[in-house]
Amino acid sequence: NGTSNVSVTLSWNTSDCGAFYITDLPSLRVSRWNGSSWTDEGNGGTTGTAAAGTVITSSAVTNFSPFTLASVSSANSLPVELISFTAIPNGRAVDLNWTTQSENNNDYFTVEKSRDAVHFEELKIVNSDGDSQTAQNYSLTDPNPWNGISYYRLKQTDHNGDFDYLDLKAVNMDLPSEDYPFSIYPNPVSGKYIHFYFKELTKQEISLFVTDLSGKMIYSTSILTDASGGYTADLSDKLTAGIYSVFVQIQTKQYTRKLIVLPTE
């Protein structure tokens with residue numbers, strides 16, 4: 001809470017970073033979190049080598065919050081820069097896809113699976129495509145997600161065995177029952193697509209209606225399920241964050257489920 005003018009020095013060493021990460025000392029910067037973004041506090045000089053050294057701010061710092069090493073080029077990168085990680089229902093399976101912007105010293109990825117987001121088990125290991133400064137795409141399919149919510153966690157492991165958790169996604173695979181022959185997943189939904197699954201109703205025409213809590217009609221259509229009893233809709237331009245009622249008319253019977261739409265990230 002004072003008004004000191006100070007220089008901030010950050011250091012690195014092989015046991016913490018390794019020579020894989022620090023590759024170009026002139027590109028290093030001291031960066032400070034200002035509450036909403038990372039600011040560039042400059043490079044007033046470095047000491048040492050890629051294996052161990054220091055970098056100091058280029059001018060005095062008067063505001064204090066978290067500091068970290070940063071870079072103004074693609075050099076000095078972390079092992080993996082993740083662009084996206086998605087878990088999307090596909091029929092009764094879940095497609096898992098992720099894209100990295102860059103990879104350095106990355107050995108492999110592990111996709112883990114959990115019922116409660118606390119206790120995880122290994123689903124599959126996917127080897128890295130190797131060091132790269134361009135986008136790399138990875139994918140795998142979970143053919144047996146649990147009924148209800150399945151949590152998927154992406155883990156990254158270096159060649160030296162160090163690892164980090166990159167992202168976590170949840171998918172709701174609520175199975176239809178004899179008394180209630182359709183389900184919606186994921187639900188809640190925050191992505192672009194909503195998937196409907198109708199038990200033992202393949203290649204059938206079904207009326208679908210979506211209303212808000214006041215009963216106002218938001219969307220209506222006649223759908224034709226695919227060979228697995230599924231139907232996928234893109235309602236991202238029609239549904240804002242909130243709670244909706246989904247009505248389906250199957251022959252002479254009508255069924256209703258709640259749909260929760262989360263704010264988009």
Quick one: do the [X] and [Y] side chains pair a donor with an acceptor below 3.5 Å?
X      : Y      : value
Ser27  : Ser71  : no
Asp95  : Thr141 : yes
His195 : Thr232 : yes
Thr99  : Asn137 : yes
Gln254 : Thr256 : no

*asked:* Tell me which one of Glu121, His119, Lys155 satisfies side chain to side chain contact (heavy atoms under 4.5 Å, CB included) with Glu112.
replied: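 Testing each of Glu121, His119, Lys155 against Glu112, the sole residue satisfying side chain to side chain contact (heavy atoms under 4.5 Å, CB included) is Lys155.
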*asked:* Let's go through Asp107 and Ser128 carefully: what are the C-alpha distance in whole Å and the side-chain angles of both, what is the deciding distance for side chain to side chain donor-acceptor pair (under 3.5 Å) to 0.1 Å, and is it a yes or a no?
replied: CA-CA 6 Å; Asp107 191 5; Ser128 166; over 6 Å; no
*Classify the angle between the aromatic ring planes of Tyr138 and Trp98 as parallel (below 30°), tilted (30 to 60°) or perpendicular (above 60°).*
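Geometry flag for Trp98 against Tyr138: parallel rings.
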*Can you label the angle between the Phe182 ring and the Phe198 ring as parallel, tilted or perpendicular, going by 30° and 60°?*
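Phe182 and Phe198: parallel rings.
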Nearest heavy-atom pair of [X] and [Y]: which atoms, and what distance?
X      : Y      : answer
Tyr151 : Leu168 : CB-CD1, 4.2 Å
Ser222 : Ser207 : OG-OG, 4.2 Å
Ile22  : Leu25  : CG2-CD1, 3.9 Å
Phe209 : Ser220 : CD2-CB, 3.5 Å
Lys258 : Leu213 : NZ-CD2, 4.0 Å
Ala87  : Tyr152 : CB-CD1, 4.1 Å

Is it the case that atom [atom1] in [X] sees more than 12 heavy atoms from other parts of the structure closer than 6.0 Å?
X      : atom1 : answer
Tyr108 : OH    : no
Phe247 : CZ    : yes
Lys124 : NZ    : no

*Is the shortest heavy-atom distance from the side chain of Leu82 to the side chain of Leu154 under 4.5 Å?*
yes
*Can you check whether Val8 reaches Glu41 side chain to side chain, under 4.5 Å on heavy atoms?*
no
*With no hydrogens and no angle check, is any side-chain donor or acceptor of Thr47 less than 3.5 Å from a backbone partner on Thr54?*
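Side chain of Thr47 to backbone of Thr54: a pair is present.
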*Leu69 and Phe67: same hydrophobic cluster, using ILVMFWY side-chain contacts below 4.5 Å?*
yes
_Of Asn106, Asp164, Thr110, Asp167, the residue whose pairing with Gln156 passes side chain to side chain donor-acceptor pair (under 3.5 Å)_ = Asn106
